[in-house]
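Note sheet for the following structure.
Note that the numbering runs from 1 along the sequence shown for the chain.
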Amino acid sequence: MKKNIQNKDRREFIKKSGLAGMAIALAPSFILKNAGPHDRLRTAHIGVGNMGKADLDAISSHAKVDVTVLCDVDANNLAAAKKLHPNAKTYSDYRIMLKEMENEIDAVIVSTPDHTHAPASMMAMNLNKPVYCQKPLTHYVSEARAMKKLAAEKNLVTQMGIQVHSFYDYKLATLLIQSGIIGKVHTVHAWSPKSWGYDGPEPVGEDPVPETLDWNLWLGTSAKRPYKKEVYHPGNWRKLMDYGCGTLGDMGVHIFDTPYNALELDVPRTIKNECRASNGFGYPENNVVTYEFPETQYTTETLKWVWYDGPGAPNEHPDLILPGASDASKKGKKSKKKKKKETVEDKISLDAKIAGPGTLPDQGAMFVGEKGRLLLPHFMQLPTKIVDGKYVDITSEIDAVSKANNIGEIVRNYESEGPKHYHQFVDACLGHDKTTAPFSYASRLTETILLGVIAGRFPNKTLHWDSSSAQFSESEANQYLEGEYRDF
Ligand SMILES: NC(=O)c1ccc[n+]([C@@H]2O[C@H](COP(=O)([O-])OP(=O)(O)OC[C@H]3O[C@@H](n4cnc5c(N)ncnc54)[C@H](O)[C@@H]3O)[C@@H](O)[C@H]2O)c1
């Protein structure tokens, strides 16, 4: 790791807090109860605009949460959040906030652009705070490994922000796959029509920084760069290599989650990204990323995984032709859909359209196994099984695994389902539950995603990944595993 991310405060903290020799073995809830004076959770929110606002709403909808601090580098977003939580203190710099509020907060929620996830979360965890961090967990592979290590060392409650992880259909698909409904799985296809990329040059010149934005704090640990209107903040940063992780790091994390979890995958052995060459500033769009994973108890000897973004799934692929598919879709022709203005809900994929019987959903995953295929649309739709070109009724299997594992009833309401993942984090912090996407899991999933992103810098070349040394055999790729941190 090049700089800053090391767990340098840990020893000092343990010495100061008198927990030497004890802290590692303690249950997370014990540490938390000692940090807070009551059985309520005092939360600090870093990044409160857009998804940060959705995170704030979901966390604060838990009856035992007191929103104590709000932090944002954009004064407009901070003011809007303050209106909703007038008693919360406000900050623009998370470093000052964490130092000053250390003894008044119990947990931290990080909802900033990707490049700030690890710097803010590591600092919070070094202060012994449980962290809910948005997906992808980090911007660099080295950060993902460091986050996992620190969370484990400090025995902290952690959760990555992939709220659909706690939705009925995804839990159901996981159980169906693990029950062997299609036998051992040899291939997964996963796709999204989103296309976060940029092929233009790095912008020249500089626009005046809005009075309401602290540009230096927005850049944070990333390199100093002149401000340009609408190029970076808000949202557009995800197209750019210094801040985001392209479509893989956005929709990929959600859509990978269920197959990855269901098949109990570790990180891949090989990765190849077929895409255009990048100029080193923006990500290439239209990635086709092929991974090979080592065997698990739910896969054949090798698992092949293919991700498609931009044009989405190639519906002429034999694995992806659905029963009742029209000739047009078999030949891969796309239906023309009216483009509507994108809302936050679109960004978090609330679009749960039911696809026609022969039409692949816009986003989703197909598991291909020894005994058939299982299609899992993204999201809030039941998985369907296909054998020999025909849909197979799996009602009885669904009933059986649902009841045996007590996963509840089908709910088709994002408002009621959405907060579950967040409430699970709050309850875990209070010692009443366990998180299902802790950093131990999230770091592996994020590493897998980031390896595909790095492969985009070497179009059409197969990279070989050695998980034990955390290095590629192709040494030229190793420089992208970590980043230089700027002092800011
Ligand atoms: N789980 C989901 O469904 C989902 C959906 C959308 C976004 N996300 C994730 O949420 C994160 C934010 O995405 P977004 O679309 O809201 O981005 P955005 O650019 O629209 O908003 C980011 C917010 O964080 C603030 N911010 C930026 N740097 C900060 C810093 N150093 N300190 C404090 N505040 C800072 C910005 O001012 C803004 O309010 C990303 O990691 C993204 O991947 C998750």
Determine, using ring centers only, whether Trp307 and Tyr291 are less than 6.0 Å apart.
no

Are any of the side-chain nitrogens in [X] or [Y] under 4.0 Å away from the carboxylate oxygens of its partner?
| X | Y | answer |
| --- | --- | --- |
| Lys461 | Glu476 | yes |
| Asp114 | Lys135 | no |
| Arg412 | Asp169 | yes |
| Lys420 | Glu417 | yes |

Got a donor-acceptor contact below 3.5 angstrom from the [X] side chain to the [Y] backbone?
| X | Y | result |
| --- | --- | --- |
| Tyr283 | Gly244 | yes |
| Glu447 | Val141 | no |
| Glu474 | His464 | yes |
| Lys385 | Ile181 | yes |
| Thr435 | Phe425 | no |

Taking all non-hydrogen atoms of both residues, which atom of [X] and which atom of [Y] are closest, and how far apart?
| X | Y | answer |
| --- | --- | --- |
| Gly235 | Arg238 | O-CG, 3.0 Å |
| Pro377 | Leu375 | CD-O, 3.6 Å |
| Leu360 | Leu322 | N-CD1, 3.7 Å |

Nearest 0.5 Å please: distance from the [atom1] atom of [X] over to the [atom2] atom of [Y].
| X | Y | atom1 | atom2 | value |
| --- | --- | --- | --- | --- |
| Met241 | Asn279 | CE | CG | 7.5 Å |
| Asn273 | Arg457 | CG | CZ | 11.5 Å |
| Ser92 | Leu213 | OG | CG | 10.5 Å |
| Lys239 | Thr247 | NZ | OG1 | 10.0 Å |
| Trp237 | Trp196 | CH2 | CH2 | 8.5 Å |
| Cys245 | Ile454 | SG | CD1 | 9.5 Å |

Evaluation steps, side-chain hydrogen bond (donor to acceptor under 3.5 Å, both in side chains), between Ser111 and Asp55:
CA-CA 7 Å; Ser111 315; Asp55 291 350; 2.8 Å; yes

Parallel, tilted or perpendicular: which fits the ring planes of [X] and [Y], with parallel below 30° and perpendicular above 60°?
| X | Y | value |
| --- | --- | --- |
| Phe293 | Tyr260 | perpendicular |
| Trp215 | Tyr232 | tilted |
| Phe379 | Phe167 | perpendicular |
| Tyr94 | Phe488 | tilted |
| His139 | His115 | perpendicular |

Are the side chains of [Y] and [X] in contact, using a 4.5 Å heavy-atom criterion?
| X | Y | value |
| --- | --- | --- |
| Leu303 | Leu263 | yes |
| Met251 | Asp309 | no |
| Ile182 | Arg373 | no |
| Thr116 | Thr221 | no |

Within the 3.5 Å criterion, strictly below it, is a donor on [X] or [Y] matched to an acceptor on the partner's side chain?
| X | Y | result |
| --- | --- | --- |
| Ser192 | Gln363 | yes |
| His189 | Thr187 | no |
| His421 | Ser166 | yes |

Could you please spell out the steps behind the side-chain hydrogen bond (donor to acceptor under 3.5 Å, both in side chains) verdict for Asn236 and Tyr243?
CA-CA 9 Å; Asn236 282 330; Tyr243 317 108; over 6 Å; no

Applying the side-chain contact (heavy atoms from CB on, under 4.5 Å) test to Thr212, which of Asn76, Asp72, Val73 qualifies?
Asn76

Given the rule in the side chain to side chain contact (heavy atoms under 4.5 Å, CB included) test, do Leu156 and Val131 qualify, once you have shown the distances and angles that lead to the verdict?
CA-CA 8 Å; Leu156 290 171; Val131 173; over 6 Å; no

Quick one: do Glu285 and Arg276 satisfy salt bridge (Lys or Arg N to Asp or Glu O under 4.0 Å)? Show the steps, please.
CA-CA 8 Å; Glu285 316 81 0; Arg276 67 166 171 79; 2.9 Å; yes

Within 6.0 angstrom of Lys304 NZ, more than 12 heavy atoms from elsewhere:
no

Kindly determine whether Tyr170 and His378 satisfy side-chain hydrogen bond (donor to acceptor under 3.5 Å, both in side chains), including the steps that lead there.
CA-CA 9 Å; Tyr170 276 10; His378 182 80; 2.4 Å; yes

Could you pull out all residues at least two apart from Val288 that satisfy side chain to side chain contact (heavy atoms under 4.5 Å, CB included)?
Glu274, Val306, Tyr308

Can Asn478 and Gln471 be said to form a side-chain hydrogen bond (donor to acceptor under 3.5 Å, both in side chains), step by step?
CA-CA 6 Å; Asn478 290 327; Gln471 293 282 289; 3.1 Å; yes

Under the salt bridge (charged side-chain N to carboxylate O under 4.0 Å, His left out) test, which residues partner Glu292, sequence neighbours left out?
none

Go through the steps for Tyr168 and Ile407 under the test side chain to side chain contact (heavy atoms under 4.5 Å, CB included), then give the verdict.
CA-CA 7 Å; Tyr168 174 85; Ile407 58 167; 3.7 Å; yes

Candidate pair Ser443 and Met147, rule side chain to side chain contact (heavy atoms under 4.5 Å, CB included), full reasoning
CA-CA 7 Å; Ser443 65; Met147 293 263 276; 5.8 Å; no

